[in-house]
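Throughout, protein chains are lettered first and strands after them, A, B, ... in sequence-line order, and every chain is numbered starting at 1.
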2 protein chains.
Amino acid sequence: MGRQPSAKPTSFDIAYLAGVSQPTVSRALRGSKSVSAATRANIQRIAQELNYTVDKNASSLRSQRTHTLALLFFEDPNPDESMINPFFLSMLGSITRECARRGYDLLISFQQMHNDWHVTYQDSHRSDGIILLGYGDYQLYLTKLEHLVEMGTKFVRWGSVSEDGIGLTVGSDNVGAGEQAGAHLVEIGRRRIAFLGDASDHAPEFQDRYDGLCRAMRAAGLEPDPALQRDAVSSEDSGYAAARSLIESGQNFDAVFAASDLIAIGAMRALAEAGLRLPQDVAIIGFDDIPAASLTSPTLTTLMQDMKGAGALLVDALLARIDGRPVEQRILPARLIRRQSTAV
Amino acid sequence: MGRQPSAKPTSFDIAYLAGVSQPTVSRALRGSKSVSAATRANIQRIAQELNYTVDKNASSLRSQRTHTLALLFFEDPNPDESMINPFFLSMLGSITRECARRGYDLLISFQQMHNDWHVTYQDSHRSDGIILLGYGDYQLYLTKLEHLVEMGTKFVRWGSVSEDGIGLTVGSDNVGAGEQAGAHLVEIGRRRIAFLGDASDHAPEFQDRYDGLCRAMRAAGLEPDPALQRDAVSSEDSGYAAARSLIESGQNFDAVFAASDLIAIGAMRALAEAGLRLPQDVAIIGFDDIPAASLTSPTLTTLMQDMKGAGALLVDALLARIDGRPVEQRILPARLIRRQSTAV
DNA sequence: ATATTATGCGTATACGTATACCCTATGGCG
DNA sequence: CGCCATAGGGTATACGTATACGCATAATAT
């Protein structure tokens, strides 16, 4: 008998117990300075005792602020749809934590590229802002981004910062990272360096990495050979196919820079199958430092992005945007992790 | 200058345009049968045109149903906190999709075990139900579960189904999987099989796997040796340490069954460092089939859980629970994936 | 001492939807 | 032809919070 233990207390209950009005409770808990320290303390104590928590729906409805961010994964329409890019998965952790730290909830959506626009649209109403993650075809979602801008939706996306496109972008220094990779390969004496990954404007991040590689080679007096570049999206299968194509072309090469670790892992399989020794015949570098990179044989040299920093920066930038504060584009450095695949 | 393009239309706008009252719009869109087909069609058309979406906050506030599920990761207090168990990460994908398919939003929370109770409590008010995922110390969160039950919160958790504990559990057939592992090792001629993973009631899933192993051994006329069991939590470091301890004890063993792939990977490192050949000297089996399992050297034989099915089942069960429908405990089969680490 | 401002809080109301309740027009039935 | 059931939809209101506004009292200025 008695009341349900789950009968959720409201601000009225607190107000009654504290001998004040409901708005005062609201003010006290939101930190308004027009409530005396004594009253506030008393209210907070009572709220604590009753296990009171502000009703998010009511609060959001009234204030028109949801205190929720949406995280949208844009994926390529993929046959093996259950697989998520491990890089984004690790970023998820840091974004979640960062949101929690600031008292924001995080809503997760996965979306196939070809899906209807209205899903994104809806998400924009369920949250104060959107974080967009996607390695997918860039052109394909440009029009969607324009929609978002048009509607005044606040969003940040992860990607290539160099092309100053639509909205606010946070990303790694892909060009600089590509340079590091190139410089490292040159340093260990490689001259004919292949690149696996789209080098078109469908994938600006990959393009930047390629540009960085070319820059490093030219700085060393080498001319990149376009015949050594092969398109690939970020998957093992695609990397395998790209490497096969390269091998079968009969081109001569002594190093591979793969635009992502997944590509690299697929490529390593193809190279090994072709009887090439790693790294003696072909050195290889990946990108992302996914957990698997330290398990391959040989272990994979790669470029580690600062994912913890990335999550923090994305959330930071988005919140600034939401609050109307000015926000600068920021670029995160990447770090070369040397492992066996480039150890000569 | 006209209205903001982002001025969100309300049900009143639709009502006005359709020449009906606001409640009729609500009824039409929610599928109430007390509105004529013609009226409903008209309302739907107008809503479509205006890009109208129901305001979730208002709707939830009024109906006290959030149409949101919360996903709670319970982690062990971990030094390398940025790492998330890859197994759970893949499950995340399937849960997300399943929620989307049913029109539910998914809210994500990470929570350290030692964190305050009130976080979970809050989550229970932001959502209709909670999905609990955690490999962590089971005893530690039993009291929290009791709290949830007490409050009438709807939840499902992933774990060991055999112990019929608090609330509703969905899980793999850990005993059966352990039996498969044991039978396979026996089949390839192994007699002294070690087990790495907590075999206490702090980790019922691991315990079940161990039980299954023992059962398979006894079925083959072998007696499991308790001296060959070592505690380990699901991390590479822990697996490494457990294997070291086993090696240093001087015990004689020709196979290892690790309670998770992460443990197995750590153990493989320790075994290799000790100069043991895999699988000739020691065969090894993991659990989970994380992506890295096919990349180790030798590649890792493991037990694959049906994660897609798991996500669907978890969401299914929780929704049934929420709607007050009866729901049975269900167990998912696991499948043995044979790779090089047991190929003799 | 009066005018002025700040402090602390109560009153009234809005946020957008869902639902209990009521009303009207129809049709079936005896 | 009167009665009731039903369909279809309107009226009023509740959900729990946040905020514009007003009004005292106290603090400060003149």
Looking only at side-chain N and O atoms, does B/Lys56 offer a donor or acceptor that is under 3.5 Å from a partner on A/Thr66? no

Rounded distance in Å - CG (B/Leu29) to P (C/dG16): 16 Å

Could you state the NE2-C1' distance from A/His67 to C/dC15, rounded to the nearest angstrom? 16 Å

At 4.0 Å (heavy atoms only), tell me whether B/Thr39 reaches a base, stays on the sugar-phosphate, or touches nothing. sugar-phosphate

Gap between atoms CZ and P, on B/Arg65 and C/dT17 respectively (whole Å): 18 Å

Here the gap from A/Tyr16 atom OH to A/Ile46 atom CD1, rounded to the nearest 0.5 Å, amounts to 11.5 Å

Whole Å only: how far is the CD1 atom of A/Ile43 from the P atom of D/dT17? 13 Å

To the nearest angstrom, the CD1-C1' distance between B/Ile14 and C/dT17 comes to 13 Å

Trace of the side chain to side chain contact (heavy atoms under 4.5 Å, CB included) decision for B/Leu313 with B/Asp306: CA-CA 10 Å; B/Leu313 215 54; B/Asp306 178 6; over 6 Å; no

Would you please confirm or rule out a distance under 4.0 Å between OP1 or OP2 of D/dG16 and any side-chain N or O of B/Arg62? no

Sidechain N-carboxylate O distance under 4.0 Å for B/Asp13, B/Lys8: no

5′-ward residue of the pair B/Val20/B/Leu61 relative to DNA chain D: B/Val20

Between CG of A/Asn42 and P of C/dG8 the distance, given in whole Å, is 15 Å

With a 3.5 Å cut-off and heavy atoms only, can you find an N or O donor on one side and an acceptor on the other between the side chain of B/Arg27 and the base of D/dG10? yes

Taking 4.0 angstrom as the limit, do A/Arg330 and A/Asp316 come out as a salt bridge? no

Using whole Å, what does the distance between atom C1' of nucleotide C/dA14 and atom CD of A/Gln64 come to? 10 Å

Base, sugar-phosphate or nothing for B/Ser36? Non-hydrogen atoms, less than 4.0 Å. sugar-phosphate

Can you find a side chain N or O atom of B/Tyr52 that sits less than 4.0 Å from OP1 or OP2 on C/dT17? yes

Please round to the nearest 0.5 Å and tell me the distance separating atom CG of A/Leu318 and atom CZ of A/Arg157. 13.5 Å

Between B/Phe12 and A/Arg40, who's closer to the 5' end of DNA chain C by nearest nucleotide? A/Arg40

Could you work out which one of D/dA18, C/dC9, C/dG16 sits closest to the side chain of A/Thr24? C/dC9

Side chain of A/Ser26 only, please: which of C/dT11, C/dT17, D/dT17 is the nearest? D/dT17

May I ask you to say what B/Gln22 touches in the nucleic acid, namely base, sugar-phosphate or nothing, with a heavy-atom cut-off under 4.0 Å? base

Regarding the side chain of B/Thr10, the nearest nucleotide among C/dG16, D/dT17, C/dA18 is C/dG16

Rounding to a whole Å, what distance do you find between B/Arg126:CZ and D/dC15:P? 21 Å

Could you check which of D/dA18, C/dT17, D/dT17 has an atom nearest any side-chain atom of A/Ala58? D/dT17

Between B/Ser21 and D/dG10, does any side-chain N or O lie under 4.0 Å from OP1 or OP2? yes

